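All remarks here apply to the structure that follows.
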Amino acid sequence: KNRSIEALAQMQSGRITPSEMHVHRYKLGLADIGISISAEEALRFSALYSREQEELKLTDTMRSILECCKNRFEKTGIITNGSARHQRGKIAGLGLEKWISPELIIISGEHDVLKPSPQIFALAGLAAGTTPEKMIMVGDSYEVDVCGAAGFGMKTVWMNRNEEKDIPGAIIPDHVVHGEEELLE
């Protein structure tokens, strides 16, 4: 189960608070693999995770990928799940506005729809003024990115960072890469 998506959906619908979302996400997610933590430990873990996200930096390879996209494609965008404030903070901190126009940044918290729902991919298509068959989704979550985009009719590239040996579902990505260097190629 994707506990992050499950918890985010509950928070965005108003059924749980942001604090409860963090507890749910980490406590249940770790329980799925046999690790038991308290609500307090889940909140501490969440706080540490948030602090570490403030230290995110683009790799040189990712900068090259973004330059390549900017030069080769008509438009490049972002489709992401999360709160608008949090995601926009990360986007600004990474300097992504150099490569991506603000109108092509689709954040679930601003639209009350989460990936993998085809609706969020449709919003990206409307923002870009294009059709699904002309769009390509690159994502590292098979369930959220690949299945969602394919459900909308987009081409898909799965960044299989964990090098899973088998595709975990019935939807076959158009391409599979295992890291940034392979994506750049």
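Values in this document were obtained by computation on a predicted structure and should not be read as measured data.
In the hydrophobic clustering of ILVMFWY residues, with side-chain heavy atoms under 4.5 Å counting as a link, M135 and I106 come out together. No chain of hydrophobic side-chain contacts below 4.5 Å, direct or via other Ile, Leu, Val, Met, Phe, Trp or Tyr residues, connects V144 to I136. Residues F152 and M137 share a hydrophobic cluster, clusters being chains of Ile/Leu/Val/Met/Phe/Trp/Tyr side chains in contact below 4.5 Å. Hydrophobic clustering (side-chain heavy atoms under 4.5 Å, transitive across Ile, Leu, Val, Met, Phe, Trp, Tyr) keeps W158 apart from L183. In the hydrophobic clustering of this structure, I78 groups with L184; members are Ile, Leu, Val, Met, Phe, Trp, Tyr whose side-chain heavy atoms approach within less than 4.5 Å, directly or through other members.
Side-chain contact between T76 and K70 is absent, with no heavy atoms from C-beta onward closer than 4.5 Å. Between V146 and I167 the shortest side-chain heavy-atom distance does not fall below 4.5 Å. Side-chain contact check for H86 versus Q53: some heavy-atom pair is nearer than 4.5 Å. Taking the side chain as every heavy atom from C-beta outward, F73 and K134 never approach each other to under 4.5 Å.
Here salt bridge (Lys or Arg N to Asp or Glu O under 4.0 Å) pairs that include residues 171-185, with residues two or more places apart or in two chains, number zero.
Every residue two or more places apart in sequence or in another chain was checked for a side chain to side chain donor-acceptor pair (under 3.5 Å) with Q10, and none qualifies.
Scanning all heavy atoms of the two residues, the minimum distance from S108 to G82 falls at OG-N, 2.8 Å. Of all the heavy atoms in H178 and N160, the pair that sits closest is CD2-O, 3.4 Å.
At most 12 non-hydrogen atoms from other residues, nucleotides or ligands lie less than 6.0 angstrom from NE2 of H175. For K75, the NZ atom sits in a packed shell: over 12 heavy atoms of surrounding residues, nucleotides or ligands are nearer than 6.0 Å.
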List, one per line, each side-chain donor-acceptor pair under 3.5 Å for residues 112-132, sequence neighbours excluded.
from : atom 1 : to   : atom 2 : distance (Å)
K115 : NZ     : I79  : O      : 3.0
K115 : NZ     : D145 : OD1    : 2.6
S117 : OG     : Q119 : N      : 3.2
S117 : OG     : Q119 : OE1    : 3.4
T131 : OG1    : E133 : OE2    : 2.9

Kindly list each side-chain donor-acceptor pair under 3.5 angstrom involving residues 89-104, sequence neighbours excluded, with atom names and distances?
from : atom 1 : to  : atom 2 : distance (Å)
K90  : NZ     : Q87 : OE1    : 3.2
W99  : NE1    : E67 : OE2    : 2.7

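If you take OG on S4 and NE2 on H24, they are separated by 9.0 Å, rounding to the nearest 0.5 Å. The line from NE2 of H22 to CZ of R44 is 15.0 Å long, rounded to the nearest 0.5 Å. Summarising the geometry, atom NE2 belonging to H111 is positioned 10.5 Å from atom CD belonging to Q12; distances are rounded to the nearest 0.5 Å. A distance of 11.0 Å separates CD1 of I65 from CG of D60, quoted to the nearest 0.5 Å. Atom CZ of residue R161 and atom CG of residue D140 lie 5.5 Å apart, to the nearest 0.5 angstrom. Distance check: M11 CE to R25 CZ gives 8.0 Å after rounding to the nearest 0.5 Å.
The main-chain N or O of S38 is found under 3.5 Å from a side-chain atom of E41 such that the two form a donor-acceptor pair. The backbone N or O of E164 sits nowhere less than 3.5 Å from a side-chain atom of N162 that would complete a donor-acceptor pair.
Under 3.5 Å, the side chains of R15 and S13 contain a donor-acceptor pair of N or O atoms.
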*asked:* Applying side chain to side chain contact (heavy atoms under 4.5 Å, CB included) to I171 and Y142, what does each step give before you reach the verdict?
replied: CA-CA 9 Å; I171 294 174; Y142 172 82; 3.5 Å; yes
*I would like to know whether E110 and R88 meet salt bridge (charged side-chain N to carboxylate O under 4.0 Å, His left out); could you show each step before the answer?*
CA-CA 11 Å; E110 295 176 337; R88 291 217 179 265; 2.9 Å; yes
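V23 belongs to a hydrophobic cluster with L43, counting contacts under 4.5 Å between side-chain heavy atoms of Ile, Leu, Val, Met, Phe, Trp and Tyr, direct or through other members. Other cluster members for L30: Y26, I33, I35, I37, F45, Y49, joined by side-chain heavy-atom distances under 4.5 Å among Ile, Leu, Val, Met, Phe, Trp and Tyr.
Salt bridge R51/E54: absent, no basic N to carboxylate O contact under 4.0 Å.
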